[in-house]
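Okay, here's the structure, questions in a sec.
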Amino acid sequence: MWFLILLLVLVCIGLICFIAWFIHYRKSGRCPLCALDKAGLPTKLTIDTQDVPDYDNGAALTPPMGWSSWNTFKQNISEELILSTAAAMRLSGLVDAGYQYINIDDCWHSSFRDKNGRLQGDLGKFPSGMPDVIEKINHMGMKVGLYSSNGTLTCEDLPASLGNEAVDAKTIAEWGCEFFKYDFCHNKRINGDAPVIEAIELNRLGKEVEYTLKPEDAEFTGRARIVNIKRLPSGKAVGLLNHNAGTATFRTTIDISGEYVLTLLIYKSLNLRHEQYLQVIVNGEIHEVFAQKTKGFNATGRLQLMVNLKAGENEIVLKNPIRSFADSSYTQYSRMARELKKASKEIAEKTGNPEKPIIFSICEWGTSIPYKWAAKAGNMWRTTHDIMPFWKSVYLIYLHNVKLYKYAKPGSWNDPDMLEVGNGKLTEDENRAHFSLWCMMAAPLVLGNDIRNFVNEDGTPIENHPVLKIVTNKELIAIDQDPLGKQAKRIKKVSGIDILARPLANGDTALCFFNTSSSTKGLSFDLNELAEDEYLGFGVPHSSYNVHELWSDERFSATILSASMPKHGVKVYRISK
């Protein structure tokens, strides 16, 4: 009995608190229902990207190939290690096989920025500086990738790029970086709450306010509207912009084109305990504004930014598109994407050299279903958390990534993470399967082992090195790098064997039998079944096909394929008519 009474009292207290919050939120000019709506949308992108073009920087038209320092060396990297690895990449034949990038992961940089606020290499481990290291690797015929995080710090607690996107993009572009991995550690999500705007003021530097835009000048969409707030001098403001509730659009005619100060007069709600966010879109250019938490002693605050206005009519749109975690991730990664493209173009114009587009690798760990939005913001995106050097990790990542075939295309790739081929206790069959599956899935091929082990002391490659033979299999690499860019689809499961197939640019079909079980398995497969799946575009059935098994190099003609695979083993075929 007492328990029920206590429960009833707690429910009543909670209800009273909720009603009080609801009323306060509404009176402050914000939409409470919109704020509540976000709770059910943690990973769903609600921002409308239908009219947003894919991220097109002319890079990664086939999946990138290279090496990364992280899987084997983690924080134990240095200038000497990176340069000796680059040399081994060349001497071992990996460059000739298509591996281009030396990607220097976390811990390449110092714990503090330089006097100009720019990232700098670790002052002890990279004493020559990153520009010198990059130049030396470029002279060896390779490209260099660098790393940062979409957070306040990197995963190893070093300076990261959130809030420093423009300066960091310009820095690495000036150095000649051509691959950029952007992690997700220490991420600070954007708040869906938006400031309430009493007015907008515009003036040129050195001039007093020349134009004032008031709430009644705005055109509204959605729930956004003019709200009445007694504490404000004017008593009116633009409100209900929070959590993608709506937009307010101002159109103003300017006499003289140029750079203007845009001042937002914001309502400082009493005891606001969190940061608010607003996008100010001026003639299509996005400017982001963060209003800090405040005690609100005065009703009106001021936020300023510099914008370019043209002579004649200008459009200024106010909105906060953030409702979900995915919206926040998309917005932040898109911000860095814009800066990378801008920086690489500006460096090319400044130097007169050909542009070096920077492959943008989104490493958001698959947290907010990036494969549904990341093609608008980057060249490749991690679909899962980090890979580990044991079979279960490789297999679980495969199980998730293989389902995402429809999202891959030239310039936009699902990234199931770096290769662990040759690491840990993976068997030769598992190494071969791992590499085969990544090639079938059109995945970036980024080696994660110590490739210096592929080279003899005299600088010659160890030609019979089992791992080197796997990762330089030219037929498998050709499947991965096929310009059609269509990822393999799992078309069938047969008694512990996954059957994967992908169409190729010349009309051939790549076919993989993958034994997922822990014992030897065999099967027979009628190749004419490939004609039943529209995704493959296989065409009409034939009486016989030319078959090339890409590990044994066996070639024959057949209609029925019979194969036996050891546990975790694969057979990979190229089928021609």
Self-check item: Candidate list Asn150, Asp157, Thr154, test side-chain hydrogen bond (donor to acceptor under 3.5 Å, both in side chains), partner His186, passing option
Solution: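 When side-chain hydrogen bond (donor to acceptor under 3.5 Å, both in side chains) is applied between His186 and each of Asn150, Asp157, Thr154, only Asp157 qualifies.
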Practice problem: Show your reasoning for whether side-chain contact (heavy atoms from CB on, under 4.5 Å) applies to Met388 and Val394. | Solution: CA-CA 7 Å; Met388 303 295 287; Val394 173; over 6 Å; no
Self-check item: side-chain contact (heavy atoms from CB on, under 4.5 Å) partner of Met418, the single match among Asn103, Leu447, Asn71
Solution: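 Testing each of Asn103, Leu447, Asn71 against Met418, the sole residue satisfying side-chain contact (heavy atoms from CB on, under 4.5 Å) is Asn71.
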Practice problem: Start with the C-alpha distance between Thr520 and Ser564, add both sets of side-chain angles, then the distance that settles side-chain contact (heavy atoms from CB on, under 4.5 Å), and finish with yes or no. | Solution: CA-CA 7 Å; Thr520 298; Ser564 176; 3.5 Å; yes
Quiz item: Taking the side chain as C-beta and beyond, is there a heavy-atom pair between Trp365 and Asp183 under 4.5 Å?
Solution: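 SC-SC contact between Trp365 and Asp183 confirmed.
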Quiz prompt | Shortest non-hydrogen separation from Trp67 to Met89 and the atoms involved | solution =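 Minimum heavy-atom separation between Trp67 and Met89: CB-CE, 3.7 Å.
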Self-check item: salt bridge (Lys or Arg N to Asp or Glu O under 4.0 Å) between Arg90 and Asp96, intermediate numbers included
Solution: CA-CA 8 Å; Arg90 167 62 67 192; Asp96 294 334; 3.7 Å; yes
Quiz item: Can you check whether Ser519's main-chain N or O pairs, donor with acceptor, with Asn515's side chain at less than 3.5 Å?
Solution: yes
Quiz item: Shortest non-hydrogen contact from Leu158 to Cys107?
Solution: CD1-CA, 3.6 Å
Quiz item: Backbone N or O of Ser368 within a donor-acceptor pair of the Trp373 side chain at under 3.5 Å?
Solution: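 Answer holds: yes.
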Self-check item: Taking every non-hydrogen atom, the tightest pair across Pro416 and Thr384
Solution: O-OG1, 4.4 Å
Quiz item: Do the rings of Phe514 and Tyr398 sit parallel, tilted or perpendicular, given the 30° and 60° boundaries?
Solution: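 Plane angle over 60°, so perpendicular.
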Self-check item: Electrostatic pair Asp533-Lys489, nearest N-O below 4.0 angstrom
Solution: yes
Exercise. State whether the side chain of Glu430 and the backbone N or O of Thr427 hold a donor-acceptor pair below 3.5 Å, judged by distance alone.
Key: yes
Quiz item: Do Asp553 side-chain atoms and Arg555 backbone N/O form a donor-acceptor pair below 3.5 Å?
Solution: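 Flag not set: sc Asp553 to bb Arg555 has no pair under 3.5 Å.
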Exercise. Not counting sequence neighbours, which residues clear ring-ring contact (aromatic ring centres under 6.0 Å, His included) with Trp381? List them please.
Key: none
Quiz item: Shortest non-hydrogen contact from Asp415 to Ser361?
Solution: OD2-OG, 4.3 Å
Quiz item: Regarding Asn116 and Asp114, is there a side-chain donor-to-acceptor distance under 3.5 Å anywhere?
Solution: no
Quiz item: Does a side-chain heavy-atom distance below 4.5 Å link Lys425 with Phe390?
Solution: no
Exercise. Walk me through it: do Lys188 and Glu275 pass the test salt bridge (Lys or Arg N to Asp or Glu O under 4.0 Å)?
Key: CA-CA 11 Å; Lys188 181 182 177 183; Glu275 186 177 72; 3.7 Å; yes
Quiz item: For residues Glu420 and Asn431, is any side-chain donor paired with an opposing acceptor at under 3.5 Å?
Solution: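 Asn431 and Glu420 do not have a side-chain donor-acceptor pair below 3.5 Å.
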Practice problem: May I ask you to check whether Asn164 and Ser161 show a side-chain donor-acceptor distance below 3.5 Å? | Solution: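 Side chains of Asn164 and Ser161: no pair found under 3.5 Å.
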Quiz item: Do Asp458 and Thr460 meet the criterion of a side-chain donor-acceptor pair at a distance under 3.5 Å?
Solution: yes
Self-check item: Pairing of Arg118 and Glu174 as salt bridge, 4.0 angstrom limit
Solution: yes
Practice problem: Test Glu355 against every option in Lys341, Lys342, Lys345, Lys350 by the salt bridge (charged side-chain N to carboxylate O under 4.0 Å, His left out) rule and name the one that passes. | Solution: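 It is Lys345, the one option of Lys341, Lys342, Lys345, Lys350 that forms the salt bridge (charged side-chain N to carboxylate O under 4.0 Å, His left out) with Glu355.
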Exercise. Please work out whether the ring planes of Phe525 and Phe513 are parallel, tilted or perpendicular, with thresholds of 30° and 60°.
Key: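 Ring orientation, 0 to 90° scale: perpendicular.
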Quiz item: Are the aromatic rings of Phe180 and Tyr182 close, with centres under 6.0 Å apart?
Solution: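 Ring centres of Tyr182 and Phe180 closer than 6.0 Å.
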Exercise. Just do the side-chain hydrogen bond (donor to acceptor under 3.5 Å, both in side chains) check on Thr383 and Asn401 with the steps written out, would you?
Key: CA-CA 7 Å; Thr383 57; Asn401 198 77; 2.8 Å; yes
Quiz item: Regarding Asn449 and Thr72, is there a side-chain donor-to-acceptor distance under 3.5 Å anywhere?
Solution: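 The criterion, which ignores hydrogens and geometry beyond distance, is not satisfied for Thr72 and Asn449.
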Quiz item: Salt bridge or not for Asp168 and Arg113, using N-O below 4.0 Å?
Solution: yes
Quiz item: Quick one: does Ser328's side chain have a donor or acceptor within less than 3.5 Å of a partner on Ile190's backbone?
Solution: yes
Quiz item: Arg382 and Asp417: salt bridge (Lys or Arg N to Asp or Glu O under 4.0 Å), yes or no, with the steps?
Solution: CA-CA 6 Å; Arg382 278 277 296 281; Asp417 205 4; 3.4 Å; yes
Quiz prompt | Between Asp508 and Ser576, a side-chain donor and acceptor under 3.5 Å | solution =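 Looking only at side-chain atoms, Ser576 and Asp508 do form a donor-acceptor pair, the distance falling under 3.5 Å.
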Practice problem: Would you check if the side chain of Ser412 reaches a backbone N or O of Ala408 as a donor-acceptor pair within less than 3.5 Å? | Solution: no
Quiz item: Do you know the tightest heavy-atom contact between Asn138 and Lys143?
Solution: ND2-CA, 3.9 Å
Self-check item: Aromatic contact, Phe179 with Phe360 (centres under 6.0 Å)
Solution: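 Ring centres of Phe360 and Phe179 not closer than 6.0 Å.
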Exercise. I would like to know whether Tyr573 and His548 meet side-chain contact (heavy atoms from CB on, under 4.5 Å); could you show each step before the answer?
Key: CA-CA 5 Å; Tyr573 305 91; His548 180 195; over 6 Å; no
Quiz item: Does the Arg502 side chain pair with the main chain of Lys486, one donor and one acceptor, at a distance under 3.5 Å?
Solution: yes
Exercise. May I ask you to say whether Lys125 pairs ionically with Glu79, meaning some side-chain N is under 4.0 Å from a carboxylate O?
Key: no
Quiz item: Which residue pairs pass the ring pair (Phe, Tyr, Trp, His ring centres under 6.0 Å) test when at least one of the two sits in residues 433-491, sequence neighbours left out?
Solution: His434-Trp438, Phe454-His465
Quiz item: Taking the side chain as C-beta and beyond, is there a heavy-atom pair between Glu259 and Met306 under 4.5 Å?
Solution: yes
Self-check item: N-O pairing of Lys181 and Asp106 below 4.0 Å
Solution: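 Not counted as a salt bridge, because no side-chain N and carboxylate O are separated by less than 4.0 Å.
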Practice problem: Could you check whether the rings of Tyr371 and Tyr407 sit parallel, tilted or perpendicular, using 30° and 60° as the cut-offs? | Solution: tilted
Quiz prompt | Donor-acceptor pair, side chain of His109 and main chain of Pro159, under 3.5 angstrom | solution = yes
Self-check item: Closest approach of Phe112 to Gln120 (non-hydrogen atoms, all atoms of both residues)
Solution: O-NE2, 3.0 Å
Quiz item: For the side chain of Glu549 and the backbone of Val572, is there at least one donor-acceptor N/O pair under 3.5 Å apart?
Solution: yes
Exercise. Would you confirm whether Arg338, through its side chain, and Ile286, through its main-chain N or O, come within 3.5 Å as a donor-acceptor pair?
Key: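 Such a contact is absent between Arg338 side chain and Ile286 backbone.
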Quiz prompt | Worked verdict on Asp327 versus Arg189 for salt bridge (Lys or Arg N to Asp or Glu O under 4.0 Å) | solution = CA-CA 9 Å; Asp327 293 337; Arg189 290 191 173 98; over 6 Å; no
Quiz prompt | Residues, nucleotides or ligands: over 12 heavy atoms within 6.0 Å of Lys372 NZ | solution = no
Quiz prompt | Charged N-O contact under 4.0 Å between Asp498 and Arg490 | solution =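 Arg490 and Asp498: salt-bridged.
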Practice problem: Hey, could you give me the CD1/CG distance between Ile491 and Leu530, rounded to the nearest 0.5 Å? | Solution: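 Those atoms lie 5.0 Å apart.
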Exercise. Given side-chain contact (heavy atoms from CB on, under 4.5 Å), test Thr509 with Leu504 step by step and report yes or no.
Key: CA-CA 6 Å; Thr509 301; Leu504 303 175; 6.0 Å; no
Quiz item: How about Tyr277 and Glu288: does a side-chain donor come under 3.5 Å of a side-chain acceptor?
Solution: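 Yes, Glu288 and Tyr277 have a side-chain donor paired with an acceptor closer than 3.5 Å.
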